[in-house]
Amino acid sequence: MFSGRRENYNSQQARRGNYNSQQADGERAQLPAGPAAPLPGFWVMLMDAGEWERPSGTASSEGKPDAPTEHQDVACGLENLPVGWWPPQLEPPPFQYTPEHVAGPGADADPSQITFPGCLCRHRPCLPDTCSCLRRQENYDERSCLRHLGSEGVYAQPVFECNALCPCSDRCCNRVVQRGLQFRLQVYKTDRKGWGLRTLEFIPKGRFVCEYAGEVLGLPEVQRRIQLQTALDANYIIAIREHVYNGQVMETYVDPACKGNIGRFLNHSCEPNLLMVPVRIDSMVPKLALFAAKDIFPGEELSYDYSGKFLNMMDSEGAERVARGKPGKPCYCGAPSCAALLPYDGSLDSQ
């Protein structure tokens, strides 16, 4: 059991800090019960990360990436593949590993419960015209790559996968995120930002990489944990806000500080190579899935934009939340377009 640090994730797509979603006002929007009636309208993910992120920067030069040894696995055998760390003499801090979300204090729903109905595609492939999980369009192509990676100025679209009650086979093209880790990854010590996560093999654009999993919390518990943080604490809490229809907003809060997966080691970058997308499978609690936004080569650090602006549209409210956040900490991502400071959304601090 090992821990990485979550820094600031402030964006519409996924931010480590606060990720505004449906629980902000304690009321649950009236939404369709499952994938048979996909959520209408556009989705905006606004991640509000705390300012305690590990500085983002270039990969550490301390040794080349190595495959994990038999006894070196941050994931404790709970993923499809072991996830080692580098250098081997430095062990990441301990935490309880979970490959999926778990219900935490104040959670409106248990993420492990199956609440969606299944499709009826027992003897035919799952296609948009006939599969209730694909009412709008196919989510993935024949190579299991996400078809719609998002675009600046356009809201992210909802993704529903076939679930445990669907009669389609495990090889169904609409089952991707639920298959878990498919690429060899490694936790490693960076030069300036603490622990990070990198790939040991080539990852094609559009492929699923990993989840950002942890405790699903209610808003009061989120505020309590934020108030207890000191200037030296890392903030892992991510708040996701999804704009649905008729002005309704869904909010989800996830904290992998004590219980989480390898996603907690991801650092921020102003030019990231990952895109976070909420993916729903068995229930309305979304999996925070990270997809390759471009081809990623062996040894490259994996990162995403804590502000959520990357390949997503930020509305005026989201921009205002970021603007009124306290001064961020220095960003060391090294990107040509680096904003110099880590994104920070302090909206939950004052509620």
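Atoms considered below: every heavy atom in the structure, side chains included; atoms not considered: hydrogens, waters and symmetry mates.
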ask   = Are Glu221 and Tyr253 close enough that a side-chain donor and a side-chain acceptor fall under 3.5 Å?
value = no

request  = Find out whether Cys126 and Cys119 are in side-chain contact, i.e. whether some heavy atom of one side chain is under 4.5 Å from a heavy atom of the other.
outcome  = yes

query = Transitively linked via ILVMFWY side-chain contacts under 4.5 Å: Val83 with Leu90?
reply = yes

ask   = Could Lys294 and Glu300 be called an ion pair, given the rule that one side-chain N must be under 4.0 Å from one carboxylate O?
value = no

message = When you measure from the side chain of Asn174 to the backbone of Phe160, do you find a donor-acceptor pair of N or O atoms at a distance under 3.5 Å?
response = yes

inquiry  = Could you tell me if the side chain of Pro128 sits less than 4.5 Å from the side chain of Glu138, heavy atoms only?
reply    = yes

ask   = Closest approach of Ile203 and Thr199, non-hydrogen atoms and distance?
value = CD1-OG1, 3.5 Å

request  = Verify the cluster assignment for Leu78 and Phe183: are they in a single hydrophobic cluster under the rule of side-chain heavy atoms below 4.5 Å apart?
outcome  = yes

ask   = What's the spacing between Glu301 CD and Leu197 CG if we round to 0.5 Å?
value = 8.0 Å

message = In this structure, would Tyr140 and Leu149 fall into the same cluster of hydrophobic residues linked by side-chain contacts under 4.5 Å?
response = yes

inquiry  = Under a 3.5 Å threshold, yes or no: a donor from one side chain and an acceptor from the other, between Asn261 and Glu211?
reply    = no

Sub-4.5 Å side-chain heavy-atom contact between Arg225 and Pro105 = yes

key: Shortest non-hydrogen contact between Ala289 and Phe208, atoms and distance   = CB-CE1, 3.8 Å

request  = Go through Leu288 and His101 one step at a time and tell me if the side-chain contact (heavy atoms from CB on, under 4.5 Å) criterion holds.
outcome  = CA-CA 9 Å; Leu288 306 185; His101 292 327; 4.2 Å; yes

task = Would you please test Phe291 and Val177 for side-chain contact (heavy atoms from CB on, under 4.5 Å) and show each step?
result = CA-CA 10 Å; Phe291 293 86; Val177 172; 3.8 Å; yes

message = Restricting to non-hydrogen atoms, name the atom on Val216 and the atom on Pro111 that form the minimum distance, rounded to 0.1 Å.
response = CG2-CG, 4.1 Å

request  = Answer with yes or no whether the side chains of Ser283 and Gln113 bring together a donor and an acceptor at under 3.5 Å.
outcome  = no

ask   = side chain to side chain donor-acceptor pair (under 3.5 Å) with Asp110: which residues, sequence neighbours excluded?
value = Ser112

key: Pair Val277-Leu146, side-chain contact (heavy atoms from CB on, under 4.5 Å): steps then yes or no   = CA-CA 10 Å; Val277 177; Leu146 188 66; 4.1 Å; yes

ask   = When rounded to the nearest 0.5 angstrom, what distance separates CG in Asp108 from CE in Met284?
value = 11.5 Å

request  = For Asp255 and Glu215, indicate whether the former's side chain and the latter's backbone hold a donor-acceptor pair under 3.5 Å.
outcome  = no

task = Please tell me if the side chains of Cys162 and Cys131 come closer than 4.5 Å, counting only heavy atoms from C-beta onward.
result = yes

query = Within the distance-only criterion (no hydrogens, no angle test), does the side chain of Arg179 pair as donor or acceptor with the backbone N or O of Asp170 below 3.5 angstrom?
reply = yes

inquiry  = Has Glu201 got a side-chain atom pairing as donor or acceptor with Arg184's backbone, closer than 3.5 angstrom?
reply    = yes

task = Provide the closest heavy-atom pair for Ser132 versus Gly118 in the form atom of the first, atom of the second, distance.
result = OG-O, 4.2 Å

key: Close side-chain approach of Phe265 to Val74, heavy-atom, < 4.5 Å   = yes

note = Separation between CD (Glu100) and CG (Asp282), nearest 0.5 Å, reads 8.5 Å

ask   = For Leu341 and Cys331, which heavy atoms make the closest approach, and how far apart are they?
value = C-CB, 3.8 Å

query = Between the main-chain N or O of Ser169 and the side-chain N or O of Arg175, is there a donor-acceptor pair closer than 3.5 Å?
reply = yes

message = How long is the straight-line distance from SG of Cys210 back to CE of Met276, given to the nearest 0.5 Å?
response = 8.0 Å

ask   = Just by distance, do the side chain of Asp295 and the backbone of Pro204 share a donor-acceptor pair under 3.5 Å?
value = no

query = So, does Asn235 use its side chain to make a donor-acceptor pair with the main chain of Ile226 at under 3.5 Å?
reply = no

request  = May I ask you to decide if Cys166's main-chain N or O and Arg122's side chain share a donor-acceptor pair within less than 3.5 Å?
outcome  = no

query = With distance as the sole test, does Glu161 use its side chain to make a donor-acceptor pair with the main-chain N or O of Val279 at under 3.5 Å?
reply = no

note = Nearest heavy-atom contact between Val209 and Leu181 is O-CD1, 3.2 Å

ask   = Could you state the interatomic distance from SG (Cys133) to CG (Leu120), rounded to the nearest 0.5 Å?
value = 9.5 Å

Backbone N/O of Gln72 and side chain of Trp85: donor-acceptor pair under 3.5 Å = no

ask   = Does any non-hydrogen side-chain atom of Arg207 lie less than 4.5 Å from one of Gln182?
value = yes

note = In this structure, CG of Leu274 is separated from CG of Leu302 (nearest 0.5 Å) by 5.0 Å

